[in-house]
Amino acid sequence: MARITAGLATSHVPAIGAAIDNGKTDEPYWRKVLDGYQWTQAWIAREKPDVVIVVYNDHASAFDMNLIPTFAIGCAETFAPADEGWGPRPVPIVENNADLAWHIAQSCILDEFDMTMVSGITVDHGLTVPLSLMFGQPDAWPCKVVPLAVNVVTYPPPSGNRCWRLGEAIARAVASFPEDLNVQIWGTGGMSHQLQGARAGLINQPWDKAFLDDLTNDPERLRRMSHIEYLREAGSEGIELVMWLIMRGALGPDVRELHRHYHVPASNTAVGHIVLEKHP
Ligand code: DHB
Ligand code: FE
């Protein structure tokens with residue numbers, strides 16, 4: 001049987017991707033950001049997941065005001081990196097486990113959780129930067145990747161509790177897939193940041209640290225957190241953090257925190273990263 005063994009969360013700042021792609025990782029500014037991922041790179045090389053479900057948001061690369069799915073699962077065989085204005089990132093094409101993706105779609109929908117199935121999309125920094133952070137610069141990504149895109153760009157995004165319950169439904173779906181697979185689930189985006197308007201540049205370190213603490217120990221508080229609290233405390237793009245609750249919901253009530261990294265600044269964003277192991 002397939003099983004979700006671990007989850008992690010990370011910010012997906014596009015400038016980190018540019019630093020990696022352009023050989024700037026040894027600059028002191030980026031070293032401080034990237035050093036916090038070395039533990040995870042070594043850990044994941046040992047864990048060797050067969051599949052990673054990457055919960056991410058598209059930033060108007062594949063979806064725009066013509067079509068805004070709340071939850072979209074990538075069901076094609078492959079996904080190429082998006083051109084976000086400077087050409088596609090020089091990173092490998094994402095290879096999906098399409099059988100698992102279709103199974104998750106079917107299981108969630110029959111579990112009364114309506115998913116949108118998508119094929120012809122490219123994947124932007126929301127998905128490719130986390131892959132670079134965990135796997136560096138390989139010729140091919142070392143595992144299959146199921147993209148799961150969440151709308152957090154246009155109001156209304158899903159509630160944190162809805163995200164949590166989708167995570168639970170995904171865990172049920174994975175557990176009913178007959179192939180023997182080591183599956184991880186990643187939540188991406190966040191932490192506090194605001195890219196626009198009068199409060200552009202907002203960072204809230206105490207709030208972010210409480211979010212990290214409670215992700216491990218008191219996720220019930222996070223499930224109940226309203227959109228307006230994300231907006232007030234974590235800035236307009238801080239709402240990306242609801243995606244972390246899909247990951248956390250999929251791991252079940254008991255987790256062990258294996259690693260944590262928090263660093264300000266990276267571009268406009270407070271970079272947060274946490275690795276959680278599922279408790280049996
Ligand atoms: C930045 C962060 C993001 O999450 C994003 O999608 C775009 C830009 C930033 O910090 O610059
Ligand atoms: Fe983003």
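Both ligands and their constituent atoms are indexed starting at 1 by order of listing.
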Selection from V271, T269, I16, I203 by shortest heavy-atom distance to atom 2 (C) of ligand 1: T269
Which of the ligand 1 atoms, numbered from 1, are nearer than 4.0 Å to a heavy atom of E240: 4 (O), 6 (O)
Whether R162 engages the ring of F113 as a cation-pi pair (distance to the six-membered ring centre under 6.0 angstrom, angle to the ring normal within 45°) should be assessed. yes
Testing T269, D208, N204 one by one against S192 for a side chain to side chain donor-acceptor pair (under 3.5 Å), which residue passes? D208
Determine whether the side chain, the backbone, both or neither of E237 has a heavy atom under 4.0 Å from any heavy atom of ligand 1. neither
Students should be able to answer this: which protein heavy-atom is nearest to atom 5 (C) of ligand 1, and at what distance? H125 NE2, 3.4 Å
Has H59 got an N, O or S atom lying less than 2.8 Å from the Fe ion (ligand 2)? yes
Take R223 and E220 through the salt bridge (Lys or Arg N to Asp or Glu O under 4.0 Å) test and state the conclusion after the steps. CA-CA 5 Å; R223 284 178 78 166; E220 289 301 316; 3.4 Å; yes
Could a heavy atom of P14 be found less than 4.0 Å from some atom of ligand 1? yes
Applying salt bridge (Lys or Arg N to Asp or Glu O under 4.0 Å) to R3 and D180, what does each step give before you reach the verdict? CA-CA 8 Å; R3 67 217 177 277; D180 190 23; 3.3 Å; yes
With the Fe ion (ligand 2) at the apex, how many degrees lie between OE2 of E240 and NE2 of H12, rounded to 10 degrees? 100°
As an exercise, identify every atom of ligand 1 less than 4.0 angstrom from a heavy atom of S267. 9 (C), 10 (O), 11 (O)
Examine H263 together with H273 and report whether their ring centres are nearer than 6.0 Å. no
Between the side chains of E240 and H59, is a donor N or O closer than 3.5 angstrom to an acceptor N or O? yes
Does the ring center of W186 lie less than 6.0 Å from the ring center of F135? yes
What part of S11, side chain, backbone, both or neither, has a heavy atom within less than 4.0 angstrom of ligand 1? neither
Report the C-alpha distance between D26 and R31 in whole Å, list the side-chain angles of each, state the deciding distance to 0.1 Å, and finish with yes or no for salt bridge (Lys or Arg N to Asp or Glu O under 4.0 Å). CA-CA 6 Å; D26 283 328; R31 211 48 287 151; 3.0 Å; yes
What atoms of ligand 1 come within less than 4.0 Å of a heavy atom belonging to L195? 1 (C), 7 (C), 8 (C), 9 (C), 11 (O)
Can you report which non-hydrogen protein atom sits closest to atom 3 (C) of ligand 1, along with the distance? H193 NE2, 3.4 Å
